[in-house]
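Each residue takes its place number in the sequence, starting with 1.
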Amino acid sequence: MSTLSKPSWLHGLAVYQDVILNGQVAYPGSRDCRGAWDAMLPHLPRAGTVLDVGSNFGWFGLQLCDHSLEVVVASVEADDRSAAVQRRVLESNQATRICLLTARAGVGMARQFQTVGQRFDAVLCLAVLHWMADHRAFLTILGAMSRRLFIEHPDPAEEGAGVEQIRREIGQIGPYLKTLFPDRPVTLLAQLPSPRDSSLKRELWLVGEPSAWPEVPSPGLDGSALMGMSPSWPPRSWWTDRLGSCATGSQASHDPRILFSPGGLRPDSRQSGTDSLRRLTRLTRRIPEHHLHPPARRWYRRARRLGGQCLRALLPR
(Lines give C-alpha, C1' and ligand atoms only; values in the text may rest on other atoms or scores of the structure.)
Protein backbone atom coordinates (compact mmCIF):
# COMPACT_ATOMS: atom_id res chain seq x y z
CA MET A 1 0.00 0.00 0.00
CA SER A 2 1.30 3.43 -0.86
CA THR A 3 2.69 5.54 1.96
CA LEU A 4 2.11 8.74 -0.07
CA SER A 5 -1.67 9.09 0.02
CA LYS A 6 -3.88 8.73 3.06
CA PRO A 7 -7.19 6.87 3.00
CA SER A 8 -10.37 8.64 4.09
CA TRP A 9 -10.19 7.12 7.59
CA LEU A 10 -6.91 8.98 8.22
CA HIS A 11 -7.94 12.35 6.75
CA GLY A 12 -7.65 15.15 9.31
CA LEU A 13 -5.92 12.87 11.81
CA ALA A 14 -2.29 13.35 12.80
CA VAL A 15 -0.41 10.11 12.12
CA TYR A 16 1.49 9.84 15.39
CA GLN A 17 2.47 6.15 15.39
CA ASP A 18 3.22 4.07 12.31
CA VAL A 19 0.05 2.49 10.90
CA ILE A 20 0.73 -1.25 10.54
CA LEU A 21 -1.53 -3.10 8.09
CA ASN A 22 -0.99 -6.79 7.28
CA GLY A 23 2.30 -6.71 9.12
CA GLN A 24 3.76 -3.80 7.10
CA VAL A 25 4.16 -0.07 7.73
CA ALA A 26 1.44 1.40 5.52
CA TYR A 27 1.69 4.99 6.78
CA PRO A 28 4.72 6.16 8.79
CA GLY A 29 4.12 8.23 11.92
CA SER A 30 5.94 11.20 13.39
CA ARG A 31 6.77 9.47 16.68
CA ASP A 32 10.04 7.62 17.36
CA CYS A 33 8.33 4.37 18.35
CA ARG A 34 11.39 2.26 17.55
CA GLY A 35 13.65 4.27 19.84
CA ALA A 36 11.26 3.83 22.77
CA TRP A 37 10.83 0.13 21.98
CA ASP A 38 14.59 -0.52 21.86
CA ALA A 39 15.05 1.21 25.23
CA MET A 40 12.26 -0.80 26.87
CA LEU A 41 12.94 -4.17 25.26
CA PRO A 42 15.48 -5.53 27.82
CA HIS A 43 12.97 -4.85 30.60
CA LEU A 44 9.74 -6.08 28.98
CA PRO A 45 8.13 -9.35 30.11
CA ARG A 46 8.32 -12.53 28.06
CA ALA A 47 4.98 -13.66 29.49
CA GLY A 48 1.98 -12.21 31.32
CA THR A 49 -0.18 -9.12 30.99
CA VAL A 50 0.59 -5.62 29.75
CA LEU A 51 -1.53 -2.46 30.05
CA ASP A 52 -0.90 0.12 27.32
CA VAL A 53 -2.49 3.44 28.34
CA GLY A 54 -3.20 5.92 25.56
CA SER A 55 -2.19 3.34 22.95
CA ASN A 56 -3.00 5.46 19.85
CA PHE A 57 -2.82 3.12 16.83
CA GLY A 58 -1.63 0.08 18.81
CA TRP A 59 1.98 -0.01 17.59
CA PHE A 60 3.45 -1.11 20.93
CA GLY A 61 0.80 -3.77 21.49
CA LEU A 62 1.61 -5.33 18.12
CA GLN A 63 5.31 -5.28 18.91
CA LEU A 64 4.71 -6.93 22.28
CA CYS A 65 2.70 -9.73 20.69
CA ASP A 66 5.37 -10.24 18.02
CA HIS A 67 8.01 -10.25 20.75
CA SER A 68 6.35 -13.09 22.67
CA LEU A 69 3.49 -15.54 22.18
CA GLU A 70 2.87 -15.58 25.95
CA VAL A 71 1.78 -11.95 26.33
CA VAL A 72 -1.69 -10.36 26.26
CA VAL A 73 -2.30 -6.61 26.09
CA ALA A 74 -5.08 -4.38 27.42
CA SER A 75 -4.84 -1.50 24.94
CA VAL A 76 -6.61 1.67 26.15
CA GLU A 77 -7.51 4.41 23.65
CA ALA A 78 -10.44 6.70 24.43
CA ASP A 79 -10.11 9.02 21.45
CA ASP A 80 -12.67 7.71 18.95
CA ARG A 81 -10.75 8.52 15.78
CA SER A 82 -7.49 7.01 17.04
CA ALA A 83 -9.32 3.99 18.44
CA ALA A 84 -11.11 3.45 15.11
CA VAL A 85 -7.75 3.37 13.33
CA GLN A 86 -6.38 0.98 15.93
CA ARG A 87 -9.35 -1.35 15.51
CA ARG A 88 -8.69 -1.42 11.77
CA VAL A 89 -5.01 -2.13 12.46
CA LEU A 90 -5.77 -4.96 14.89
CA GLU A 91 -8.28 -6.51 12.51
CA SER A 92 -5.81 -6.32 9.62
CA ASN A 93 -3.20 -8.13 11.72
CA GLN A 94 -5.72 -10.50 13.41
CA ALA A 95 -4.21 -9.45 16.73
CA THR A 96 -6.53 -11.34 19.08
CA ARG A 97 -4.10 -11.20 22.01
CA ILE A 98 -4.81 -7.47 22.22
CA CYS A 99 -8.06 -6.24 23.80
CA LEU A 100 -8.90 -2.70 22.66
CA LEU A 101 -10.67 -0.75 25.41
CA THR A 102 -12.31 2.57 24.53
CA ALA A 103 -13.17 3.73 28.06
CA ARG A 104 -11.25 6.70 29.42
CA ALA A 105 -8.15 5.87 31.45
CA GLY A 106 -7.99 7.24 34.97
CA VAL A 107 -8.62 6.43 38.59
CA GLY A 108 -11.96 4.78 37.80
CA MET A 109 -10.33 2.31 35.42
CA ALA A 110 -7.48 1.59 37.84
CA ARG A 111 -9.98 0.84 40.62
CA GLN A 112 -11.94 -1.54 38.39
CA PHE A 113 -8.78 -3.55 37.82
CA GLN A 114 -7.90 -3.29 41.49
CA THR A 115 -11.31 -4.64 42.58
CA VAL A 116 -10.86 -7.91 40.65
CA GLY A 117 -7.28 -8.41 41.83
CA GLN A 118 -5.71 -7.84 38.43
CA ARG A 119 -1.91 -7.91 38.19
CA PHE A 120 0.14 -6.42 35.35
CA ASP A 121 3.62 -7.53 34.43
CA ALA A 122 4.19 -4.19 32.70
CA VAL A 123 2.35 -0.91 32.21
CA LEU A 124 3.10 1.53 29.40
CA CYS A 125 2.22 5.18 30.02
CA LEU A 126 3.96 6.71 27.03
CA ALA A 127 3.36 10.44 26.57
CA VAL A 128 -0.08 10.24 28.19
CA LEU A 129 0.11 11.49 31.80
CA HIS A 130 0.00 15.14 30.69
CA TRP A 131 -3.61 14.56 29.57
CA MET A 132 -4.76 13.13 32.93
CA ALA A 133 -5.93 15.40 35.74
CA ASP A 134 -5.88 12.47 38.18
CA HIS A 135 -2.42 11.30 37.14
CA ARG A 136 -1.02 11.02 40.68
CA ALA A 137 -3.85 8.88 42.09
CA PHE A 138 -3.98 6.86 38.86
CA LEU A 139 -0.30 5.92 39.06
CA THR A 140 -0.46 5.23 42.79
CA ILE A 141 -3.29 2.70 42.40
CA LEU A 142 -1.84 1.21 39.24
CA GLY A 143 1.64 0.93 40.72
CA ALA A 144 0.39 -1.30 43.53
CA MET A 145 -0.77 -3.93 41.00
CA SER A 146 2.07 -3.61 38.47
CA ARG A 147 5.49 -5.20 38.36
CA ARG A 148 7.04 -2.52 36.17
CA LEU A 149 5.91 0.81 34.76
CA PHE A 150 7.34 2.61 31.74
CA ILE A 151 6.65 6.33 31.86
CA GLU A 152 7.42 8.78 29.06
CA HIS A 153 6.82 12.49 29.55
CA PRO A 154 7.55 15.68 27.59
CA ASP A 155 9.81 18.42 28.82
CA PRO A 156 7.86 21.03 30.84
CA ALA A 157 8.89 23.57 28.20
CA GLU A 158 7.32 21.63 25.31
CA GLU A 159 4.32 23.76 24.43
CA GLY A 160 1.23 22.20 22.90
CA ALA A 161 1.81 18.78 24.44
CA GLY A 162 -1.26 17.72 26.44
CA VAL A 163 -2.74 20.10 28.98
CA GLU A 164 -0.24 22.79 29.91
CA GLN A 165 -1.39 23.06 33.53
CA ILE A 166 -1.06 19.29 34.05
CA ARG A 167 2.30 19.13 32.28
CA ARG A 168 3.69 21.89 34.49
CA GLU A 169 2.12 20.34 37.60
CA ILE A 170 4.05 17.14 36.95
CA GLY A 171 7.23 19.04 36.09
CA GLN A 172 10.40 17.02 35.62
CA ILE A 173 9.21 13.43 35.41
CA GLY A 174 12.22 11.83 37.16
CA PRO A 175 11.82 13.60 40.54
CA TYR A 176 8.03 13.21 40.25
CA LEU A 177 8.32 9.42 39.93
CA LYS A 178 10.92 9.12 42.68
CA THR A 179 8.60 10.97 45.05
CA LEU A 180 5.63 8.84 44.02
CA PHE A 181 7.52 5.52 44.33
CA PRO A 182 10.13 6.09 47.08
CA ASP A 183 10.57 2.35 47.77
CA ARG A 184 11.10 1.26 44.16
CA PRO A 185 14.01 1.69 41.75
CA VAL A 186 13.39 4.50 39.26
CA THR A 187 15.72 4.58 36.24
CA LEU A 188 16.10 6.82 33.21
CA LEU A 189 16.10 4.57 30.11
CA ALA A 190 16.31 7.07 27.25
CA GLN A 191 15.86 10.61 26.03
CA LEU A 192 13.74 10.55 22.89
CA PRO A 193 13.23 13.33 20.34
CA SER A 194 9.99 15.22 20.65
CA PRO A 195 7.83 14.98 17.52
CA ARG A 196 6.80 18.59 18.18
CA ASP A 197 10.16 20.25 18.85
CA SER A 198 13.40 18.51 17.93
CA SER A 199 15.36 20.73 20.33
CA LEU A 200 13.51 19.19 23.31
CA LYS A 201 13.66 15.63 24.59
CA ARG A 202 11.01 13.36 26.06
CA GLU A 203 12.40 11.27 28.90
CA LEU A 204 11.52 7.59 29.22
CA TRP A 205 11.71 6.18 32.76
CA LEU A 206 11.33 2.73 34.29
CA VAL A 207 9.73 2.18 37.70
CA GLY A 208 11.11 -1.20 38.76
CA GLU A 209 9.37 -3.99 40.58
CA PRO A 210 8.54 -3.71 44.29
CA SER A 211 10.00 -6.09 46.84
CA ALA A 212 8.40 -9.53 47.21
CA TRP A 213 6.66 -9.34 43.83
CA PRO A 214 5.41 -12.79 42.64
CA GLU A 215 7.79 -14.50 40.22
CA VAL A 216 4.96 -16.17 38.29
CA PRO A 217 3.53 -13.94 35.51
CA SER A 218 -0.11 -12.94 35.64
CA PRO A 219 -2.20 -15.66 33.92
CA GLY A 220 -4.40 -13.21 32.03
CA LEU A 221 -6.73 -10.22 32.04
CA ASP A 222 -9.91 -10.47 34.09
CA GLY A 223 -12.80 -10.78 31.63
CA SER A 224 -15.39 -9.14 33.86
CA ALA A 225 -13.16 -6.06 34.30
CA LEU A 226 -12.61 -5.77 30.55
CA MET A 227 -16.37 -5.85 29.94
CA GLY A 228 -16.78 -2.73 32.05
CA MET A 229 -14.32 -0.75 29.90
CA SER A 230 -16.11 -0.69 26.52
CA PRO A 231 -14.15 -3.37 24.66
CA SER A 232 -14.12 -2.93 20.88
CA TRP A 233 -11.73 -5.65 19.73
CA PRO A 234 -11.70 -8.67 19.43
CA PRO A 235 -15.18 -8.65 17.84
CA ARG A 236 -18.31 -10.06 19.47
CA SER A 237 -18.18 -13.34 17.50
CA TRP A 238 -14.69 -14.07 18.86
CA TRP A 239 -15.93 -13.68 22.44
CA THR A 240 -19.11 -15.71 22.00
CA ASP A 241 -17.27 -18.60 20.31
CA ARG A 242 -14.69 -18.84 23.07
CA LEU A 243 -17.13 -18.33 25.91
CA GLY A 244 -19.11 -21.24 24.47
CA SER A 245 -15.98 -23.38 24.61
CA CYS A 246 -15.37 -22.30 28.22
CA ALA A 247 -18.91 -23.37 29.15
CA THR A 248 -18.50 -26.74 27.42
CA GLY A 249 -15.03 -27.45 28.77
CA SER A 250 -15.49 -26.29 32.36
CA GLN A 251 -15.92 -29.16 34.80
CA ALA A 252 -16.17 -26.92 37.85
CA SER A 253 -19.34 -26.92 39.90
CA HIS A 254 -19.15 -23.14 40.27
CA ASP A 255 -19.22 -20.44 37.63
CA PRO A 256 -15.49 -19.71 37.15
CA ARG A 257 -13.69 -16.46 36.59
CA ILE A 258 -12.84 -16.01 32.90
CA LEU A 259 -9.42 -14.79 31.81
CA PHE A 260 -8.37 -13.20 28.53
CA SER A 261 -5.16 -15.20 28.14
CA PRO A 262 -2.53 -15.94 25.46
CA GLY A 263 -4.53 -19.03 24.49
CA GLY A 264 -7.83 -17.15 24.22
CA LEU A 265 -10.50 -17.13 26.92
CA ARG A 266 -10.11 -19.70 29.66
CA PRO A 267 -11.73 -20.41 33.04
CA ASP A 268 -9.63 -19.79 36.13
CA SER A 269 -10.58 -22.68 38.43
CA ARG A 270 -8.68 -21.11 41.32
CA GLN A 271 -11.36 -18.46 41.80
CA SER A 272 -15.06 -19.16 42.24
CA GLY A 273 -18.25 -17.34 43.04
CA THR A 274 -17.64 -14.50 40.59
CA ASP A 275 -20.51 -15.40 38.23
CA SER A 276 -18.09 -14.47 35.43
CA LEU A 277 -19.05 -16.97 32.75
CA ARG A 278 -22.79 -16.27 32.86
CA ARG A 279 -22.24 -12.53 33.24
CA LEU A 280 -19.75 -12.33 30.37
CA THR A 281 -22.07 -14.31 28.13
CA ARG A 282 -24.79 -11.70 28.73
CA LEU A 283 -22.45 -8.77 28.27
CA THR A 284 -21.03 -9.88 24.93
CA ARG A 285 -24.01 -8.22 23.22
CA ARG A 286 -22.38 -4.89 24.06
CA ILE A 287 -19.28 -5.72 22.02
CA PRO A 288 -19.38 -4.49 18.40
CA GLU A 289 -18.82 -6.88 15.53
CA HIS A 290 -17.78 -4.52 12.72
CA HIS A 291 -17.58 -1.02 14.22
CA LEU A 292 -15.78 0.78 17.00
CA HIS A 293 -18.92 0.95 19.16
CA PRO A 294 -22.14 -1.10 19.27
CA PRO A 295 -25.28 0.54 17.74
CA ALA A 296 -26.76 1.80 21.03
CA ARG A 297 -23.56 3.55 22.01
CA ARG A 298 -23.10 5.03 18.53
CA TRP A 299 -26.58 6.60 18.68
CA TYR A 300 -25.93 7.88 22.20
CA ARG A 301 -22.66 9.53 21.18
CA ARG A 302 -24.28 11.09 18.10
CA ALA A 303 -27.10 12.47 20.25
CA ARG A 304 -24.57 13.97 22.67
CA ARG A 305 -22.66 15.63 19.83
CA LEU A 306 -25.88 17.02 18.34
CA GLY A 307 -27.00 18.29 21.76
CA GLY A 308 -23.65 20.00 22.26
CA GLN A 309 -23.89 21.68 18.87
CA CYS A 310 -27.40 22.93 19.61
CA LEU A 311 -26.36 24.24 23.01
CA ARG A 312 -23.39 26.11 21.56
CA ALA A 313 -25.66 27.63 18.89
CA LEU A 314 -28.08 28.92 21.55
CA LEU A 315 -25.51 30.37 23.89
CA PRO A 316 -24.73 34.09 23.48
CA ARG A 317 -21.43 34.84 21.81
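Ion pairing between Glu158 and Arg202 holds under the 4.0 Å rule for side-chain N and carboxylate O.
Every side chain to side chain contact (heavy atoms under 4.5 Å, CB included) that Ser30 has, sequence neighbours left out, goes to Tyr16, Pro195. Evaluation of the ring-ring contact (aromatic ring centres under 6.0 Å, His included) rule for Phe60 yields no partner, not counting sequence neighbours. Pro175 meets the side chain to side chain contact (heavy atoms under 4.5 Å, CB included) test with Gln172; sequence neighbours excluded. Residues satisfying the side chain to side chain contact (heavy atoms under 4.5 Å, CB included) criterion with Asp32, sequence neighbours excluded, are Arg34, Leu192, Pro193. Partners of Asp79 under the side chain to side chain contact (heavy atoms under 4.5 Å, CB included) rule, at least two apart in sequence or in another chain, are Glu77, Arg81, Ser82.
Counting non-hydrogen atoms of neighbouring residues, nucleotides and ligands closer than 6.0 angstrom, the NE2 atom of His11 exceeds 12 such neighbours. No more than 12 heavy-atom neighbours from other residues, nucleotides or ligands sit within 6.0 angstrom of CD on Gln165. Other residues, nucleotides and ligands contribute more than 12 heavy atoms inside 6.0 Å of the CZ atom of Arg184. The environment of CZ in Arg111 is sparse: at most 12 heavy-atom neighbours from other residues, nucleotides or ligands sit within 6.0 Å.
Of the inter-residue distances, the one linking Asp183 atom CG with Lys178 atom NZ reads 14.5 Å to the nearest 0.5 angstrom. Separating the CG atom in Leu280 from the CZ atom in Phe260 is a distance of 11.5 Å, to the nearest 0.5 Å. Rounded to the nearest 0.5 angstrom, Ser218 OG and Met145 CE are separated by 11.5 Å. Annotation: the span from Leu142 atom CG to Leu51 atom CG amounts to 5.5 Å, rounded to 0.5 Å. Rounding to the nearest 0.5 Å places CZ of Phe138 at 5.0 Å from SG of Cys125. Going from atom CD1 of Ile170 over to atom CZ of Arg136 covers 8.0 Å, rounded to the nearest 0.5 Å.
Relative orientation of the Phe120 and Phe113 rings is perpendicular, given thresholds of 30° and 60° on the angle between their planes. Using a 30° and 60° split on the angle between ring planes, Trp37 and His67 fall in the perpendicular class, above 60°. Ring planes of Trp9 and Tyr27: perpendicular class, angle over 60° (limits at 30 and 60°).
Of the possible donor and acceptor atoms, one in the side chain of Ser55 sits under 3.5 Å from a partner among the backbone N and O of Val76. A donor-acceptor pair under 3.5 Å is formed between the side chain of Arg167 and the backbone N or O of Ala161. One N or O on the side chain of Gln118 and one on the backbone of Gly220 form a donor-acceptor pair closer than 3.5 Å. Under a 3.5 Å cut-off, the side chain of Thr284 and the backbone N or O of Arg236 do not form any donor-acceptor pair. The main-chain N or O of Ile258 is never found under 3.5 Å from a side-chain atom of Asp268 such that the two would form a donor-acceptor pair. Between the side chain of Ser224 and the backbone N or O of Arg279, no donor-acceptor pair lies under 3.5 Å. Arg266 contributes no side-chain N or O that, together with a main-chain N or O of Gly263, makes up a donor-acceptor pair within less than 3.5 Å. Looking only at distances, a side-chain donor or acceptor of Asp197 sits under 3.5 Å from a matching main-chain atom of Ser199. The closest donor-acceptor contact from the side chain of Glu209 to the backbone of Arg148 lies at 3.5 Å or more, if one exists at all. In this structure a side-chain-to-backbone donor-acceptor pair under 3.5 Å is present from Arg242 to Trp238.
Criterion: ILVMFWY side-chain heavy atoms under 4.5 Å apart, direct or through other members. Under it, Val123 and Leu188 are part of a common hydrophobic cluster. Hydrophobic clustering (ILVMFWY, side-chain heavy atoms < 4.5 Å, transitive): Leu204 and Leu200 are in distinct clusters.
Side-chain contact of Asn22 with Ser92: a donor-acceptor pair under 3.5 Å is present, judged by distance alone. Checking His130 against Glu164 by side-chain atom types alone, no donor-acceptor pair falls below 3.5 Å.
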### Task
Give the C-alpha distance, both sets of side-chain angles, the deciding distance and a yes or no for side chain to side chain contact (heavy atoms under 4.5 Å, CB included) between Ser230 and His293.
CA-CA 8 Å; Ser230 301; His293 300 301; 5.6 Å; no
### Query
Do Asn93 and Leu90 pass the side chain to side chain contact (heavy atoms under 4.5 Å, CB included) test, and can you show the C-alpha distance, the side-chain angles, and the key distance before you say yes or no?
CA-CA 5 Å; Asn93 292 278; Leu90 298 180; over 6 Å; no
### Query
Can Gln86 and Leu292 be said to form a side chain to side chain contact (heavy atoms under 4.5 Å, CB included), step by step?
CA-CA 9 Å; Gln86 182 175 161; Leu292 181 65; over 6 Å; no
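When Val50, Leu221, Leu64, Leu259 are each tested for a side chain to side chain contact (heavy atoms under 4.5 Å, CB included) with Val72, only one passes: Leu221.
Listed by first and then second residue, the salt bridge (Lys or Arg N to Asp or Glu O under 4.0 Å) pairs involving residues 83-101 amount to none (not counting sequence neighbours).
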